[in-house]
Amino acid sequence: MASAGLEILGMILTVAGWLGGMVACCLPMWRVAAYIGQNIVITQIVWEGLWMSCAVQSTGQMHCRIYDSMLGLPDDLQAARALIVVSILLGVVGMTLAVAGAKCTNCTSDAANKPRIMLAAGVTFIMCGLMLLVAVCWTANGIILDFHNPLLEETQKREFGNSLYFGWGASCLLIVGGGIMSCSCCSKAQSNAVPTRVDYSGVKSMSVNGYDRKDYV
């Protein structure tokens, strides 16, 4: 019963983390304009995401432009694109394995394989969270280096966007949820392993007719 509760908790956390990764991937807010020095006067807000950049005017109008060339993007942005796409695909694989290995489903005829399937789902979600974490941290490191670069103009400096915080939270949920799924697999395997014990204390030596052997002496 405890393993089923751990499975449900792990699935809730991993699905929430996967959805958070989707939000981080789609929102064009990985980098936002830094308003420092002479750039303190806000006429427009610049957002930069994985797939497009947006400029929000002071009047409320927003104009978005999809990147023309993928090879012209910074290295950290290209790596973040690849890592987060693979992470989302791994999340789909992990959810499929979790449904197949859950105790409340009948996707597999052999119940003995369910702990192994659930363990594979947990490991898949942990890998998914690690890849998302690497993508977010790599981008954040590039933002910090550019912000403290004295050769870079103030109008070109950026700060953390909301997508990075979504990515950090989603990666933590995926890693924790995957770990809980792996723990539920271990508890499920222990509950299935029932020791076989034969009690010989009550066994009597009886003859075929049901009489004790001492009756024949």
Exercise. Give, for atom OG of Ser171 and atom CD1 of Ile126, the distance between the pair rounded to the nearest 0.5 Å.
Key: 12.5 Å
Practice problem: Calculate, to the nearest 0.5 Å, the distance between atoms OG1 and CG belonging to Thr139 and Leu164 respectively. | Solution: 6.5 Å
Self-check item: Short side-chain to backbone donor-acceptor contact, Gln78 and Leu73, under 3.5 Å
Solution: yes
Practice problem: Show your reasoning for whether side chain to side chain contact (heavy atoms under 4.5 Å, CB included) applies to Leu90 and Met131. | Solution: CA-CA 10 Å; Leu90 278 178; Met131 296 185 73; 3.6 Å; yes
Exercise. Quick one: closest heavy-atom pair of Ala135 and Ala80, and the distance?
Key: CB-CA, 3.9 Å
Self-check item: Same apolar cluster (I L V M F W Y, side chains within < 4.5 Å links), Leu19/Leu97
Solution: no
Self-check item: Value rounded to 0.5 Å, distance of CG in Leu174 from CZ in Phe125
Solution: 7.0 Å
Quiz prompt | Val99-Ile117 co-clustered via ILVMFWY side chain contacts under 4.5 Å | solution = no
Quiz item: Is there a side-chain contact between Leu130 and Ile175 (heavy atoms, below 4.5 Å)?
Solution: yes
Self-check item: Glu159 with Arg31: basic N within carboxylate O range, under 4.0 Å
Solution: no
Practice problem: Over all heavy atoms of both residues, which pair between Gly91 and Cys128 is shortest? Give the atoms and the distance, please. | Solution: N-SG, 4.0 Å
Self-check item: From CA spacing to verdict: side chain to side chain contact (heavy atoms under 4.5 Å, CB included), Leu132, Leu83
Solution: CA-CA 7 Å; Leu132 179 58; Leu83 287 171; over 6 Å; no
Quiz item: Roughly how far, to the nearest 0.5 Å, is CD1 of Ile84 from SG of Cys26?
Solution: 8.5 Å
Quiz item: When clusters are formed by joining ILVMFWY residues with side-chain heavy atoms under 4.5 Å apart, either directly or through shared neighbours, do Val176 and Leu9 land in the same one?
Solution: yes
Practice problem: Please name the pair of heavy atoms, one in Gly21 and one in Ala170, separated by the smallest distance, quoted to 0.1 Å. | Solution: N-CB, 3.5 Å
Quiz item: Out of Val123, Leu119, Thr14, which residue meets the side-chain contact (heavy atoms from CB on, under 4.5 Å) rule with Met181?
Solution: Thr14
For residues 140-149, run the donor-acceptor check on the side chains, cut-off 3.5 Å, and write out each pair with its distance to 0.1 Å, sequence neighbours left out.
from: Asn149; atom 1: OD1; to: Leu151; atom 2: N; distance (Å): 3.2

Quiz item: Distance from Leu13 atom CG to Cys172 atom SG, nearest 0.5 Å?
Solution: 11.0 Å
Quiz item: What distance separates Leu89 CG from Thr124 OG1, expressed to the nearest 0.5 Å?
Solution: 12.5 Å
Quiz item: Passes side chain to side chain contact (heavy atoms under 4.5 Å, CB included), Trp47 versus Ser53? Steps please.
Solution: CA-CA 6 Å; Trp47 298 339; Ser53 62; over 6 Å; no
Quiz item: For the residue pair Gly49 and Trp30, what are the closest heavy atoms and their distance?
Solution: CA-CD1, 4.0 Å
Practice problem: Identify whether Trp18 and Phe166 are in the same connected component of the hydrophobic contact network (ILVMFWY, side-chain heavy atoms under 4.5 Å). | Solution: no
Quiz item: Can you tell if the side chain of Met62 reaches within under 4.5 Å of the side chain of Ile45, non-hydrogen atoms only?
Solution: no
Quiz prompt | Full working for side chain to side chain contact (heavy atoms under 4.5 Å, CB included) between Arg116 and Met118 | solution = CA-CA 5 Å; Arg116 300 187 185 92; Met118 187 58 66; over 6 Å; no
Quiz item: Would you say Met29 has more than 12 foreign heavy atoms packed within less than 6.0 Å of its CE?
Solution: yes
Quiz item: Going only through I, L, V, M, F, W and Y residues with side-chain contacts under 4.5 Å, is there a path from Val136 to Trp51?
Solution: yes
Practice problem: Under the ring-ring contact (aromatic ring centres under 6.0 Å, His included) rule, collect the residues that match up with Trp168, sequence neighbours excluded. | Solution: Phe160, Tyr165
Exercise. Taking Lys114 for its side chain and Ala102 for its backbone only, find out whether a donor-acceptor pair lies under 3.5 Å.
Key: yes
